[in-house]
Amino acid sequence: MDKVQAFGKNFSASFTPFAARTQQYVKEQLGQAEDKTQLPPDYIELEKRVDALKKVHNTMLQVTSQYSNEAYDYPTNIRESFNDLGRTVSDKVNLLSAATSPAEAQAALTAPPSAKPQPKTFSHAIARASLNSSAILSGEHAGAGEDPLATALEKFAIASEKVGEARLAQDNAVQSRFLAGWSTTLNTNIMFATRARKAVENSRLNLDATKANAKGGAFHLPGQPAKPAGEEELTEEARAKIEQAEDEFVGQTEEAVGVMKNVLDTPEPLRNLADLIAAQLEYHKKAFEILSELAPVVDQLQVEQEASYRKAREGA
């Protein structure tokens with residue numbers, strides 16, 4: 001019996017503040033609250049800045065979360081088979097180079113049973129399409145020397161796969177150094193600030209409810225006359241309750257200010273953004289280097305083919 005009574009007291013003690021806050025909130029919404037404790041202007045400014053920072057994080061993460069999706073630039077209009085995705089382009093090129101018959105060449109393009117599917121990126125798709133195209137031309141050009149277009153397509157395939165691997169490296173770096181950091185800031189730091197602000201709002205409602213109860217203010221339905229607040233002096237007990245509520249409000253406000261300032265002042269978001277830019281820079285730098293090495297080779301093949309073509313035309 002004693003345990004039941006103790007539980008009832010504990011429940012009542014925890015429920016009463018909630019009920020008082022709820023009643024105060026309803027009174028404010030109905031315009032029945034005479035006095036509403038105002039938050040300091042500096043506090044309100046911090047709230048606005050935290051809200052802006054939260055919006056920025058949601059906006060950026062909504063877009064940059066695509067870095068977690070390997071196929072974000074993979075063409076939706078193509079259909080690649082298991083065989084297409086079974087080997088890397090580099091492996092296929094090596095096998096094709098060693099092939100001594102059409103059957104061996106075809107086997108080089110066929111995926112082994114335990115093959116791991118290759119990445120689905122735009123660059124990898126271009127690489128596979130280029131190598132398949134090169135193999136088609138080479139198969140029809142057997143015994144007549146090298147087809148310059150087939151040779152160029154093979155080299156383009158190898159380069160495109162390297163660009164695709166560089167893109168995957170970029171994505172991994174962005175995920176670990178940007179997305180993880182900004183997600184932590186949003187879901188941990190900013191969330192802590194939100195909870196601290198909620199605690200401030202609860203303590204303010206509790207303070208105003210305590211003041212209203214001490215002055216005799218009561219809840220009434222819209223259209224009913226409000227019970228006038230008592231003009232008598234507050235009792236010592238009422239004063240003590242108000243002071244306690246004020247101390248709680250001030251303490252929660254100070255704590256929330258510290259939490260919000262910490263969220264706003266931390267260098268992590270800017271550091272993470274710098275890491276995102278660095279990852280993009282590294283990817284584009286590698287892509288530039290790969291294509292810069294390929295371009296003159298293909299240009300030379302084109303010059304040689306054009307010279308051969310002109311020579312053949314002149315001899316005709």
To the nearest 0.5 angstrom, please state how far the [atom1] atom of [X] sits from the [atom2] atom of [Y].
{"X": "Thr151", "Y": "Glu146", "atom1": "OG1", "atom2": "CD", "result": "4.0 Å"}
{"X": "Ser134", "Y": "Asp147", "atom1": "OG", "atom2": "CG", "result": "8.0 Å"}
{"X": "Ser203", "Y": "Asp247", "atom1": "OG", "atom2": "CG", "result": "11.0 Å"}
{"X": "Asn189", "Y": "Asn262", "atom1": "CG", "atom2": "CG", "result": "6.5 Å"}
{"X": "Ser183", "Y": "Gln175", "atom1": "OG", "atom2": "CD", "result": "10.5 Å"}
{"X": "Lys155", "Y": "Glu293", "atom1": "NZ", "atom2": "CD", "result": "9.5 Å"}

Ion pair check, [X] and [Y], cut-off under 4.0 Å:
{"X": "Lys241", "Y": "Glu237", "answer": "yes"}
{"X": "Arg204", "Y": "Asp208", "answer": "yes"}
{"X": "Arg197", "Y": "Glu201", "answer": "no"}

Any chance you could lay out the salt bridge (charged side-chain N to carboxylate O under 4.0 Å, His left out) test for Glu243 and Arg239, step after step, and finish with the verdict? CA-CA 6 Å; Glu243 290 179 0; Arg239 291 180 186 278; over 6 Å; no
Just so I know, are the side chains of [X] and [Y] near enough to count as touching, which here means a heavy-atom distance under 4.5 Å?
{"X": "Lys211", "Y": "Glu246", "answer": "yes"}
{"X": "Val163", "Y": "Lys286", "answer": "no"}
{"X": "Gln38", "Y": "Tyr43", "answer": "no"}
{"X": "Phe192", "Y": "Val263", "answer": "no"}

Could you give the side-chain donor-acceptor pairs of residues 267-279 under 3.5 Å, partners two or more places apart or in another chain?
| from | atom 1 | to | atom 2 | distance (Å) |
| --- | --- | --- | --- | --- |
| Glu268 | OE1 | Arg271 | NH1 | 3.3 |
| Glu268 | OE2 | Arg271 | NH1 | 2.1 |
| Asn272 | ND2 | Arg177 | O | 3.2 |

Counting N and O atoms only, with roles assigned by atom type, does the side chain of [X] sit under 3.5 Å from a partner on the main chain of [Y], one being a donor and the other an acceptor?
{"X": "Thr184", "Y": "Ala180", "result": "yes"}
{"X": "Asn206", "Y": "Asn202", "result": "no"}
{"X": "Gln170", "Y": "Glu282", "result": "no"}
{"X": "Thr253", "Y": "Phe249", "result": "yes"}
{"X": "Asn132", "Y": "Arg128", "result": "yes"}
{"X": "Ser65", "Y": "Leu61", "result": "yes"}

Can you name the closest pair of heavy atoms from [X] and [Y] and give their distance?
{"X": "Glu154", "Y": "Leu131", "answer": "CG-CD1, 4.2 Å"}
{"X": "Leu301", "Y": "Pro148", "answer": "CD1-O, 4.1 Å"}
{"X": "Arg167", "Y": "Tyr72", "answer": "NE-OH, 3.3 Å"}

Under the salt bridge (charged side-chain N to carboxylate O under 4.0 Å, His left out) rule, collect the residues that match up with Glu248, sequence neighbours excluded.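 Glu248 satisfies salt bridge (charged side-chain N to carboxylate O under 4.0 Å, His left out) with no other residue.
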Could you state whether Leu291 and Val298 fall into the same hydrophobic cluster, counting links through intermediate Ile, Leu, Val, Met, Phe, Trp or Tyr residues with side-chain heavy atoms under 4.5 angstrom apart?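 Linked, Leu291 and Val298 end up in one cluster.
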